[in-house]
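Presented below is the structure to which this report refers.
Owing to the predicted nature of the structure, the values given are computational and were not obtained by experimental measurement.
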Amino acid sequence: MTITEQSAESEATEATCCGRHDSPPAAPDDEKPETPETPRERVNRRWNEVLQETRVAQTGVQILFGFLLSVAFTPLFRELETLDKGIYVTTVVLGASATGSLIAPVSIHRFLSGQRMKDELVEAAGRLMMFGMVLLALTIGCTLLLILRFVVPGVLAEVLVGGVMLWFGLCWYVLPLRLRRRAERRARTQDA
């Protein structure tokens with residue numbers, strides 16, 4: 001069991017037996033929590049959040065990447081046009097890059113374990129996760145393009161892929177940024 005797992009397990013045990021939770025309790029708008037997180041509790045909570053997010057993203061990218069690798073060994077692959085083979089190669093490279101970005105926090109943690117650099121680790125892991133999610137979205141978009149070019153006629157494939165990519169952009173990036181800005185505005189008005 002790694003130190004991180006032991007830390008997460010001991011925090012879970014404390015939360016169960018002592019009524020303590022990983023994040024501070026939600027306080028009414030006009031009231032601050034009685035016991036704010038210490039810097040160490042905050043970085044441990046953030047690291048545990050990164051681990052959970054990484055697990056979800058890694059599973060998706062690994063399944064997709066495995067599927068992509070198997071496509072080259074199918075009989076229909078030899079019949080692909082040059083453009084479709086180019087889309088395939090681009091998709092595989094994007095999938096490999098996404099896999100690298102989403103697994104990198106684990107490698108970084110192994111190299112830096114015990115160096116008291118968890119703040120830096122959490123920040124680097126967060127950036128790698130964001131970059132990996134962009135690569136994953138592009139991988140999914142290229143995969144859809146490759147598949148839909150066989151299924152639907154004309155430019156409809158490109159239009160559908162464009163719509164899906166727009167949806168990803170809205171869900172994965174625009175909505176979180178909008179929610180963050182709204183929370184910042186609310187905090188500024190409450191402080192004033």
State the [atom1]-[atom2] distance between [X] and [Y], to the nearest 0.5 angstrom.
X      : Y      : atom1 : atom2 : value
Leu128 : Leu121 : CG    : CG    : 10.0 Å
Leu80  : Leu146 : CG    : CG    : 6.5 Å
Trp172 : Leu177 : CH2   : CG    : 14.5 Å
Leu145 : Leu83  : CG    : CG    : 7.5 Å
Met133 : Leu102 : CE    : CG    : 7.0 Å
Met129 : Leu51  : CE    : CG    : 9.5 Å

Would you indicate whether the side-chain heavy atoms of [Y] and [X] approach each other to under 4.5 Å?
X      : Y      : value
Ile103 : Gln62  : yes
Leu148 : Glu158 : no
Arg40  : Lys118 : no
Leu170 : Leu175 : no
Met165 : Leu138 : yes

Next item on the list: Indicate yes or no for a side-chain donor-acceptor contact from Ser107 to the backbone of Ala104 under 3.5 Å, with no hydrogens or angles considered.
Entry: no
Check: Are the side chain of Thr189 and the backbone of Arg186 linked by a donor-acceptor contact shorter than 3.5 Å?
Finding: yes
Next item on the list: Kindly determine whether Glu120 and Leu112 satisfy side chain to side chain contact (heavy atoms under 4.5 Å, CB included), including the steps that lead there.
Entry: CA-CA 10 Å; Glu120 293 87 350; Leu112 300 180; 5.7 Å; no
Next item on the list: Run the salt-bridge test on Arg45 and Glu41 with the 4.0 Å N-O cut-off and return the result as yes or no.
Entry: no
Notebook entry, point to check: So, are Glu123 and Arg46 salt-bridged, with charged N and O less than 4.0 Å apart?
Noted result: no
Check: What orientation do Tyr88 and Phe77 show, parallel under 30°, tilted 30 to 60°, or perpendicular over 60°?
Finding: perpendicular
Checklist line | Minimum heavy-atom distance between Pro105 and Trp47, given as atom pair plus value | finding: O-CH2, 4.0 Å
Margin query: Under the criterion side chain to side chain contact (heavy atoms under 4.5 Å, CB included), I'd like the reasoning laid out for Thr139 against Val61: C-alpha separation, chi angles, the key distance, then a yes or no.
Written below: CA-CA 9 Å; Thr139 304; Val61 77; 5.7 Å; no
Next item on the list: Answer with yes or no whether the hydrophobic clustering places Leu94 together with Ile63; edges join I, L, V, M, F, W, Y residues whose side-chain heavy atoms lie under 4.5 Å apart.
Entry: no
Item checked: Phe168 ring center within less than 6.0 Å of Tyr173 ring center -> no
Next item on the list: Apply the test side chain to side chain contact (heavy atoms under 4.5 Å, CB included) to residues Thr143 and Phe67: give CA-CA distance (whole Å), side-chain angles for both, the deciding distance (0.1 Å), then the verdict.
Entry: CA-CA 10 Å; Thr143 303; Phe67 161 75; 4.1 Å; yes
